[in-house]
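Structure first, then comments.
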Amino acid sequence: MESLFINIGNLCREKVVELTEVLNLPEAFAGYFMVLIYAIAILTFVLLNAIVLVYLERKIAAYLQQRLGPNRVGPRGILQSLADVVKLLGKEDIIPRAADKWIFRLAAVLVIVPTVMVYAVIPFGKDMIAVDLNIGIFYFIAISSTATIALLMAGWGSNNKYSLLGSMRVVAQMVSYEIPLVFSMLGVIMIAGSLQMSDIVAAQKDMWFIVFQPVAFLIFIIAATAELNRGPFDLPEGEQEIIAGPFTEYSGMRYALFFTAEYANLISTSAIAATLFLGGPSGPWLPSWMWFLIKVYAMILFFMWIRWTIPRIRIDHLMKLNWKFLVPLSLVNIFVTGVALKLFSGW
Amino acid sequence: MYGYGLLKGLRVTLGNFFGRAVTEQYPERRPFISPRFHGFFQLDLKKCNGCGVCSLSCPNGAIQVTSERDENKKRFVTGYKISLGYCLFCGLCVEACPRDALRFTQEFELSSYRREDFVCDLLEIEKREKICSREPA
Amino acid sequence: MVFKRKTEDEVLQTERYQINLGPQHPSTHGVYQAILTLDGETVIDVENVIGYLHRGIEKLAEDRTYTQIIPYTDRLDYIAAMLNNLGYVQTVEKLLDIEIPERAEYLRVIMAELQRIASHMVFIGSFAIDIASITGWMYNFRDREKILDLLEMTCGSRITTSYMRIGGVAEDIPADFIPILERVLRELPEGLEEYDELLTGNEILIGRTKGVGVIDIDTALDYGIGGPNLRACGLPFDLRKVRPYGIYDRFDFEVPTGENGDSFDRFKIRLDEIRQSIRIIEQAIDNIPEGSVKSKVPRNIKPNAGEVYHQIEGARGILGYYLVSDGSTKPYRLHIHSPSLMSLGVFPEMTKGELIQDAVVNLASIDIVLGEIDR
Amino acid sequence: MSGMASPVIFWVLAVVTVGAGLAVALTRNIVHSALFLVLTFIGTAGFFMLLEADFLAAVQILIYAGGVSVLLVFGVMLTRHGNIKLSNPLNRYKITGGIVAALLLLLTGGLILYSEWEVSPEALREQESTVSAIAVSMLSEYVIPFEAAALLLLVALIGAVLLAKGVKHSK
């Protein structure tokens, strides 16, 4: 069980090598094929999980609100999100006449790109990282920061005041919350002494970093919720004020792409939280990838629980919380971590 | 402490998460309809003499009653049409009926695909049901 | 290089723009439109646009008999139909000068207060949903359902009750009504506790509502606001206490007031009023006499020519009916003084200079029902 | 990167980057040109990747590509027509702009041509990661420029805060 996926990967690699030999292709092509296979595997994982999460979100919300949630399609409604996907595919693709058509179209596609790209460095299990970059966590930060642009494009391209207002909020929120998010990771990186994901996981062999860095974990959770545009920080799509923010004009499959991206971001951010603070894919008895999934889903459930309980924060409070509370606190956390490291381990 | 209120809220929702769902499971489980519910109408043909008070009492004029007199100069109802599209379900007609011939049933599934279907001929319905009930099971 | 001080016109001016809040918008309560002029996220100006739900109830009433108007009053403030019924029938009774049986009076009080609780619950729920706490809304509607079940049990309808009649009420309560009512009254405070924990104590809610949308007493009086919105400003003006109608002078209850007249006070005061309404109902249950529920009133009501104005404490404020009779079976003119219209009038005043998010909260906090505004 | 693919990738990147760079200057719509700027930055990050400077590539994306979103906001907020020609007051200085650009090109081109590049792949291979190499050189050899840059940024930050506060007061 432990090395199930690694074995599958090795099997693929063998077949690919054979294939390149049969086709008389240069050796390098085997590597490219493997990259393709990894990409497809990750994309499948993301899409499958996004579908599961749509269902899960609706169910969780329903149970928190003493309802049953979707229960029509399939047993206990588990096929509901599949039915939704089919419905969305069949819907008319509306592009507003006044929209900037290319930006409008491109935004829906571009939003999914950085979202999927960050999965390259996520350690799904022991030795199960697609690319174990030595700047792993920094790569995650860099790539996920570009997601802002796609949302901004969506808002601007729609040529709708609600959308524009929403995308302005996206920029204000995501650019400012990136700072405490990165700063909260710094504490962990300082203890682990590396940006590489596998090193960070290995450093938590004895004790999870949530024990050493509880404040950083708190900041990370708050900033990540804001980065995900979820739950008390869902201002960019604040339904009560600006309909659906940048997504107001989108319909059908394009809208579904934004939705998928949102849930894919939820998974990747939860995965990062699990890797940085909850020991990543390590744990007794069960195979490592199963531990990882359990931890990721625990984080996701936590995010959902928060979203369906806490009302939305106001925009000026949002900024105040960031600049007057989270950023100073995370700086203090870095300072304290540095001093503690100096005292206890002498670097 | 700041944040305590948020935690209390989280506790409430978590408690309800493990609680029972309170929503009605309508098509699977029929809801309980109280006896006085204003649903569909039922006309007692034996009692109704077609006086038309119900029609007069209706604020929207949704009821049309036609009646004739038989050889004894006794009035009897020949047509009773009620237009559900105009009906407010206020119950003034039922209240107005001097002979308690009109009453509400608990039937609440009155939706229809066509506008014409909302004009219900209570007389027809009563007759049909009578024939049905006479037939052996 | 010499720097010249720029004049007011030369300073970079930000462009203002307008957005429509409604008539199709997730947070307008009904079909209502507010044209917001914005500077960034700040609201500079608000223009109310009403009339989307105009059905001409006042005009329709001129072609209906006095009894036939009762179902139409349900459709004014469709959240609190019982209170509309009550206000209307008491107006006609004032015109006819008739007494109604004791039991009917008590039933009216019970129903009116139940409806007030249900209405305030809708307020709390929609307030919660407007600050994006959808769960709070669900919990409120869960508890409101119990009250609607009670109404359905009594008068056969859940929303459009048409329960009150000129000279009493339509029917006596069913036999098992009082035990169920007592159970519901025991359960309601548990629900209230839950809202308190989920909403009232929530720091984000407090942050978003405290000091937002402030109306001071003078402004409130200038605009003719009544009801909870006025009491939130700190003026304990409750028609049930100040000018008791029906048998309200027999009940012992308090008039909760706010301090600042902000959105939070308007939210809090409704929660307190639910508690007071529970008290009133409990007293009514204890004292309700046996007897008939409707006095003898001719089928064709023909009041003498004249006019009458009567006002009651509706769920949203002072609900007034002005009735002119020309001696026929139909009223010559019926005018309805709707509290929501008064509250909506102050909405631009209280929202100017605040954020869009505050505008939504303010709109929710004055608790408007468009059926009543447009009539 | 394996030897065979890198020329292909280089030329693809080069075409995309230069093309996007040209588009930045030539597009009339300011938002479009800002978006092309993103593409230019991402292309540059690709070059850093090719040179095995992965940290630099990530920084390029984080700071420049990510930061463009702020630029976009300014573009949207400060222009009325979405057309550079109409909203840019400096648009008249065509000749001056051309001369400045040509001089700049001469300067950088000359510098590139006449500097003696020390290329030692071995030295690169020795280090485990570029991150630690950058860290070490920043905090030892180049510590004074590093601190100076930090100070400059701090000044800029405080200046921005003061400016923002000043606007609020004057209202």
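Naming: A, B, ... by sequence-line order, numbering from 1 per chain. Keep in mind the model is a prediction, meaning the values are calculated, not measured.
- Checking side-chain atoms of N265(A) against main-chain N and O of L228(A) turns up no donor-acceptor pair under 3.5 Å.
- Of the atoms belonging to D130(C), heavy atoms from both backbone and side chain fall under 4.5 Å from chain A.
- With chain A as the partner, the residue from H25(C), M138(C), Q18(C), Q357(C) showing the most heavy-atom pairs under 4.5 Å is Q357(C).
- Stacking of R254(A) on the aromatic ring of Y250(A) is not recorded, the 6.0 Å distance cut-off and the 45° axial limit not both being met.
- At a 4.5 Å heavy-atom cutoff, the contact between L355(C) and chain A is made by side-chain atoms alone.
- Put simply, of L235(A), D316(A), T309(A), I315(A), the one with the most heavy-atom pairs under 4.5 Å next to chain C is I315(A).
- Residue-environment remark: NZ (K101(A)) exceeds the threshold of 12 foreign heavy atoms within 6.0 Å.
- Side-chain contact between F183(A) and I179(A): present, with at least one pair of heavy atoms (C-beta onward) separated by less than 4.5 Å.
- Of the two parts of R142(C), only the side chain, counted from C-beta on, holds a non-hydrogen atom closer than 4.5 Å to a non-hydrogen atom of chain A.
- Within a 6.0 Å radius of CD in E187(C), more than 12 heavy atoms belonging to other residues, nucleotides or ligands are found.
- With a 4.5 Å cut-off on non-hydrogen atoms, I129(C) touches chain A through its backbone and its side chain both.
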